[in-house]
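Worksheet for the structure shown next.
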Amino acid sequence: MSKNRPSKSEFVNGIHAGNRLILSKAITLIESDLNEDKAFAQEILEEISLNKTNSVRIGITGAPGAGKSTLIEALGVYLTQLNKKVAVIAIDPTSSFSKGSILGDKTRMEQLANSELAFIRPSPSKEYLGGTNEVSKETILLCEAAGYEVIIVETVGVGQSEIMVSNLVDYFLLLHLAGSGDELQGIKKGILEHADKILVTKADGNNIPLAEAAKIALENGLHYSDKNKISVETISSHDIDSIANLWKNIESDITKLKKSGSFTQTRGQQDIKWINELLKRKLIVDFFNNDETISNINKANKEIGEGKISIYNAVNQILNKRKNL
Ligand SMILES: Nc1nc2c(ncn2[C@@H]2O[C@H](COP(=O)(O)OP(=O)(O)OP(=O)(O)O)[C@@H](O)[C@H]2O)c(=O)[nH]1
Ligand SMILES: [Mg+2]
């Protein structure tokens, strides 16, 4: 770790003061693979006032090209004009291979990126335990501690990342580009369970009739149980009224969630899931970092090769030996 790393109190004070550079460095510590960094990040988190219920956490997902970044730019700029502080955390599944997409997003969110009230953070997607893109709840909590009131988490609607994101946000938007034929077929079933609203994007110019038709098709296609929960709207990120209207609707939905108590309830359930997730991660890391276990695995591997023991028995033996450690 670099010598000129800020001290714990510099981190804590910097985050509370809304210093974006310090916030960024703290997120880097959280995302680090080094145990030393993770431990230091935990020390910082201990000192920070967490869980601000006056924040709104919004997840945005959709297929590549659906218009996520453009919408976030438009919504983000709109919100900063209302004097709200906006943090954008973008999970980029391509970033581990190339930086291209992140650079693309930066230019797409140029106006927002230049705002004093905005913080944009591309998160590298790590292949973590079977390919889930990792965004940490702590990243969101740190942004909130730094005074960000609207936290937007962007993820491309492929893989498991959107399910994970749905466990981190209060409100989940699914962006859908009008196609032809069966609109619902283009949406993965798993995502619908988590969506609060479907937005049919790019509803402007010649595309308006297609977008309106897609909206109706989606409304008709939604299962009865989904209909009570999910609303479908068309949107154009090029139209400020459309964006203002979207925010008005989100705010009104959030108010309803708060009144009914389900806002706090959902956050509580998410905390439990996060505790379980962290426990799992920690147990796995601890398990595989144990020298004796490593040597038992190597020994078992050899014995399996020699036909002395089955894989199933080997696993049981390794686990039993570990229990006795
Ligand atoms: N006409 C119109 N074009 C749009 C709108 N929103 C996005 N676009 C265009 O659609 C293309 C894709 O938009 P992006 O915002 O980059 O889409 P994305 O979902 O972030 O894409 P990935 O980051 O690649 O997953 C760009 O060329 C945008 O200019 C809109 O509301 N109207
Ligand atoms: Mg994008």
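As the structure lists them, so they are numbered: ligands from 1, and atoms in each ligand from 1.
- Atoms of ligand 1 found under 4.0 Å from any heavy atom of Ser69, numbered from 1 in the order shown, are 15 (O), 18 (P), 20 (O), 23 (O).
- An N or O contact shorter than 3.5 Å is missing between Ile235 and ligand 1 by distance.
- Residue contact check: Ser236 has heavy atoms under 4.0 Å from atoms 31 (O) of ligand 1.
- Phe11 and Phe40 have perpendicular rings, their planes meeting at more than 60° on a 0 to 90° scale where under 30° would count as parallel.
- Contact check on Glu31 versus Arg121 returns a salt bridge, with a Lys/Arg side-chain nitrogen under 4.0 Å from an Asp/Glu carboxylate oxygen.
- Ion pair Glu43/Lys8 flagged as a salt bridge, since at least one NZ, NE, NH1 or NH2 atom sits closer than 4.0 Å to an Asp/Glu carboxylate oxygen.
- The shortest N or O to N or O distance between Leu71 and ligand 1 is not below 3.5 Å.
- Checking Arg267, Arg57, Gln270 one by one against Asp170, the side-chain hydrogen bond (donor to acceptor under 3.5 Å, both in side chains) holds for a single residue, Arg267.
- Every heavy atom of Thr201 sits 4.0 Å or more from the atoms of ligand 1.
- Among Glu154, His238, Lys68, Met109, the residue whose heavy atom lies closest to atom 3 (N) of ligand 1 is His238.
- Contacts between Thr70 and ligand 1, counted as non-hydrogen atom pairs separated by less than 4.0 Å, involve both the backbone and the side chain.
- The shortest N or O to N or O distance between Gly65 and ligand 1 is below 3.5 Å.
- For Asp286 and Lys282, the salt-bridge test passes: some basic side-chain N is under 4.0 Å from an acidic carboxylate O.
- Here Thr70 does not reach the Mg ion (ligand 2): none of its N/O/S atoms is less than 2.8 Å from the metal.
- Listed by first and then second residue, the salt bridge (Lys or Arg N to Asp or Glu O under 4.0 Å) pairs that reach into residues 18-28 are Arg20-Glu116, sequence neighbours excluded.
- Looking at residues two or more places apart in sequence or on another chain, you find a side chain to side chain contact (heavy atoms under 4.5 Å, CB included) between Lys321 and Asn296, Lys299, Gln317.
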